[in-house]
Colleague: 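Got a structure for you, written out below as structure tokens; questions coming shortly.
A, B, ... follow the sequence lines: proteins, then strands. Residue 1 opens every chain. Hydrogens, waters and symmetry mates are skipped; everything else that's a heavy atom, side chains included, is used.
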Amino acid sequence: MTRTMRLALFGVSVAGFAALLVWGVADLPPFGHYPGPYGDVIVKLSVPQRHMANAVTAVVFDYRGFDTMGEELLLFAAAASVALLLRERREHEVEDIVEPVRSDAISAVGVLAAIVTLVVGLDVVAHGFITPGGGFQGGVILAASVIFLFLCVDYRRYAKVGASTHTEPIEAFGAGGYVALGIAALATGLGFLQNFAELGVPGRLSSGGSAILVNWCSALAVSGGFLVIFGEYLQENMAERHGRRKLG
Amino acid sequence: MSVLPYLLASWLLVIGLYGIVSSRNLIHLTVCVSVCQSATYVLLLAIGYKEHGTAPVFADVPTSRRTVDPVVQSLTLTDIVVAVAVSALLLSLALKAHDHHGSLDPAEMADLQG
Amino acid sequence: MTWLLPLVAALPLLVAALLALVGKWLPHRAADVAALTVVAGSLVLALVVVARTANRLVLHWFGGWRPRAGDFPVGIAFAVDRVGAGFAALVLLLLFAALLYSWRYVEEEHYLYLVLMLAFGGAMVGFVLTGDLFNMFVFFELMSVAAFALTAYKVEEASPLQGAFNFAVSNTVGAFFVLFGIALLYGRTGSLNLAEIGVRLTNDGRHDGLVVAAFALLTCGFLVKAAMVPFHFWLADAHATAPAPVCVLFSGVMVELGIYAVARVYWTVFDGVLGEFQHPIRDVLLAVGCITAVLGAVMCGMQRHLKRLLAFSTIAHAGCFLIGIALLTPDALAGSALYVVAHAFAKGSLFLAGGILLVARDDIDELLLQGRGRGLHYAGAAWLLAALALASPPFLGTFTGHALLDDAASVEGYWWVPAVIAFATIGSTAAIVRSGARVFLGWGESDDPLLSEQPAESAAPGEQEASLALMQAVTIVLAVAGLAVGASTRLAARAVEAAHHFVSRADYARAVLDHQPLPPAPSATWHTTTLSVAWALVTLIGSFAVGFASLYRKRLPHAVTNALARALAPLRAVHSGHIGDYVAWLTFGTTVIGGLFALTIR
């Protein structure tokens, strides 16, 4: 089909498609007046039943923890896919590339930033059940802290820390750990992924029960997954920039 | 006005689809896929909003306080991870396609036909 | 009992993560054994669940969030009836066969291949077992991402990238439609549990724009996965380039999961509120199914790339599966289910035979392979047996599925549906017979004016040292299994009983939410009618006759072939390989289907 025909076909359909969408959303409850019971039930239960002050994290890791498991595995599969697709480029082809950042000031600030970001990331993960945060958000911040090394210091240092021999096990451990925790709960006679530990006091770091473990597994899986994906892209990029030829 | 955020979500979906259909660059196409994904975030979060509601975090707020829906926020988190996974995959495919064809134009990639 | 359910899905996923952790250092064969063992274990568990779901819904509430009777369900549930359990078992069985076949066939980054296959299989099992709508979406995405990557496995060639990219974008857009529909339903009912949404929609009673739009978006989104026209373009591209064992899963269960999802969502969520509109819904879905069946058969006959030929055959058969669902009766649904099982084995066997040809003869083009398949006796025999199974001969292969479908259609007054199904069967199976005769027997002319040109494909570098004996063994076993499905009338009777449970929304809801047991299904015995045997003979003789005749299409007078080529050219041109075209058609299809629903459901 030529471009004109394609756009014509789309143009003809999109009016009807948009009409279908508008017709559908017009009957939604008015913005700001959502009556749905699911949220209300969770909000009522999350503190008394689960001792979790952050209802969103309670939903993510406890009430709908199985969805989150599927999603960790999704990120894990994506990282494995990127590794599979970009496999022609091997890490050892580029591990000698340095590509330093030329300003000492930036390097110094960068290392500092990396450390601060690491601490912030760990803090966000740990306080997931008390304040906005949790495994996902914290995991992304943790990944960012490693990427600072590439941005502000040099590629070789980043490659040493973010090597796939580090990141892939972390990610696999996070994803697998999540599933294993679920099966462990099953083995003790509870439901899959059921919270089996002492729930603690709401608002304290110790609240959350065994969902704390699940939280940390997800932080590992997310940070590992991001670093695997980023690492693969960066390898390709470095190889291009430094004229490394592909083997075979 | 009470239907405006939902219309925004529909608009984002439609414009993202237009981007995909008219795209001449695989990277641009991947970003258009993300735009479509954003449409679903907007829709979900807009559905869960409650007027004068605060965040559903009770560390410093009594549990009787009106909050927005936490479930849609959790759904959106999942949705974001899905977007990351799909984008990562599409970008690596685009990378390899560029390796093979030297171009990022979908029209150049159409080897399998009929 | 309920503790078994999560393991069926979780065990393959756990081993996938473990293999990612240690796979780089494990010897190849150890990783293979680990994967095969866990799949076999899950399969055994799945079969136990099949046995226990005769008249019962097996439930598992994750996180221990089992609601007290009448309470709002806050957790996610696996809610498994016999159809779901059977599907899960089919997935695991095909996965086992595919992994066994890949023992040496797929060598590069072998552990990553296993990781993705296990993730793919585990996700499909989870998708089929779950009773939560958003959980369905999550597993849908997980199986999709794994599938995209597996399609592009042979990154050294250019066409797998096109196949994977088109597959990825099309299915992702379909997933957006599904998510939009889920959001709309959540806005109305405030729940994500299938049973609960169904109850709330039925009690609410409104069938306004929101409900119809949600139904249209959910259905179209899942029909993208099911490769219905005009959402089907990605399938041919993806199948042509993915490794053969992966294609087994694509054609055998992945496409069928889309159809399953349409049925499951309709029967648990929408049947109550849209139940009075069964006629228009039936007609629209029937139209989609019939158009797909016919188009698939026609395109199938024009292919010379064997895997692309098989892909269009899958599209044709998938159209027939949808016809069964579209009729909205339990008998038709049972027919589709049996048809799916027989088709999965037969089609799987054909793909594996194609893989053998690729490895042993380094080509997959029918004309270039003419006569070169002569030494591969088992592959040739499997090709014949599988073609026989698909041709629906009396009492073998897809016969029981076809018979149930034809009978159900006639009962509902759609007397022309058996003819459409027969056309689709003959058209697609004839192409398979033709290519088999040409490749394995060397018959026919060396050229055919109606076949589309395709880029060359050769075996990937790691594929040379394959263990041909094991590959051939798996291929033959699958072909025989495909034939055997049609022979069992007991299976047919059980399928009809299971279907009765599938279609009763109120019973499902009571079982999931109020812990009520399912009422026993009317016990069915199933008899073959003379009409169904007659149709079976028509498809059997037709497939082989047309198949052998089309070997000699070159001998047709030029005027005829030119006219045919000109008539078919627009159809061929539409399958352009360009993702922009595919998404434009996707939008068009959704608009038409949604528009038809909007006009008829008021």
Colleague: Using heavy-atom distances under 4.5 Å, tell me whether A:F226 contacts chain B through its side chain, its backbone, both, or neither.
Modeller: side chain
Colleague: Among the options A:A78, A:P48, A:P30, pick out the one with the most heavy-atom pairs lying under 4.5 Å from chain B.
Modeller: A:P30
Colleague: Measure A:Y233 against the heavy atoms of chain B and call it side chain, backbone, both or neither at under 4.5 Å.
Modeller: side chain
Colleague: Check whether any side-chain heavy atom of A:F61 lies under 4.5 Å from a side-chain heavy atom of A:R50, and answer yes or no.
Modeller: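 They are not in side-chain contact.
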Colleague: Side-chain contact, heavy-atom cut-off 4.5 Å: A:L86 with A:Q235?
Modeller: no
Colleague: At a heavy-atom separation under 4.5 Å, does A:R3 approach chain B through its side chain, its backbone, both, or neither?
Modeller: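 Contact with chain B involves the side chain of A:R3 alone.
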Colleague: Do the side-chain N and O atoms of A:E71 and A:Y178 include a donor-acceptor pair separated by under 3.5 angstrom?
Modeller: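 No - no donor-acceptor pair under 3.5 Å links their side chains.
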Colleague: Name the region of A:V43, side chain, backbone, both or neither, that has any atom closer than 4.5 Å to a heavy atom of chain B.
Modeller: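 It is both, since atoms from each part get that close.
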Colleague: Donor-acceptor check, side chain of B:D69 to backbone of B:K50, threshold 3.5 angstrom: yes or no?
Modeller: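 Checked: no pair found.
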Colleague: For A:I229, is it the side chain, the backbone, both or neither that has a heavy atom under 4.5 Å from a heavy atom of chain B?
Modeller: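 The side chain, not the backbone.
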Colleague: Spell out the residues in residues 15-26 of chain B that have some non-hydrogen atom less than 4.5 Å away from a non-hydrogen atom of chain A, in order of number; otherwise answer 'none'.
Modeller: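 Expected list: B:L17, B:Y18, B:V21, B:S22, B:R24.
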Colleague: Under 3.5 Å, is there a donor-acceptor pair between the side chain of A:N54 and the main chain of B:V57?
Modeller: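 Here the side-chain-to-backbone pair does not exist.
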Colleague: Heavy atoms only, distances under 4.5 angstrom: which of B:S64, B:P5, B:A9 has the most pairs with chain A? Name it, please.
Modeller: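 With the most close heavy-atom pairs to chain A, the winner is B:P5.
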Colleague: For B:L91, is it the side chain, the backbone, both or neither that has a heavy atom under 4.5 Å from a heavy atom of chain A?
Modeller: both
Colleague: Hey, could you give me the OG/CG distance between A:S145 and A:L122, rounded to the nearest 0.5 Å?
Modeller: 8.0 Å
Colleague: Between A:I130 and chain B, which part of the residue has a heavy atom less than 4.5 Å away: side chain, backbone, both or neither?
Modeller: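 Both parts, heavy atoms under 4.5 Å.
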Colleague: At a 4.5 Å cut-off on heavy atoms, which part of A:Q137 comes close to chain B: side chain, backbone, both, or neither?
Modeller: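 Contact with chain B is through the side chain of A:Q137 alone.
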Colleague: Please classify the contact of A:P29 with chain B as side chain, backbone, both or neither, using a heavy-atom distance under 4.5 Å.
Modeller: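 Only the backbone of A:P29 comes within 4.5 Å of chain B.
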Colleague: Between the side chains of A:D67 and B:T78, is a donor N or O closer than 3.5 angstrom to an acceptor N or O?
Modeller: no
Colleague: Kindly say whether A:V22 contributes a backbone atom to a donor-acceptor pair with the side chain of B:S10 at under 3.5 angstrom?
Modeller: no
Colleague: When you measure from the side chain of A:S46 to the backbone N and O of A:M52, does any donor-acceptor pair fall under 3.5 Å?
Modeller: yes
Colleague: Any idea which heavy atoms bring B:V68 and B:G53 closest together, and the distance?
Modeller: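 Between these two residues, the closest heavy atoms are CG1-O, 4.1 Å.
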Colleague: Specify which of B:L7, B:V3, B:I47 makes the most heavy-atom pairs with chain A at under 4.5 Å.
Modeller: B:I47
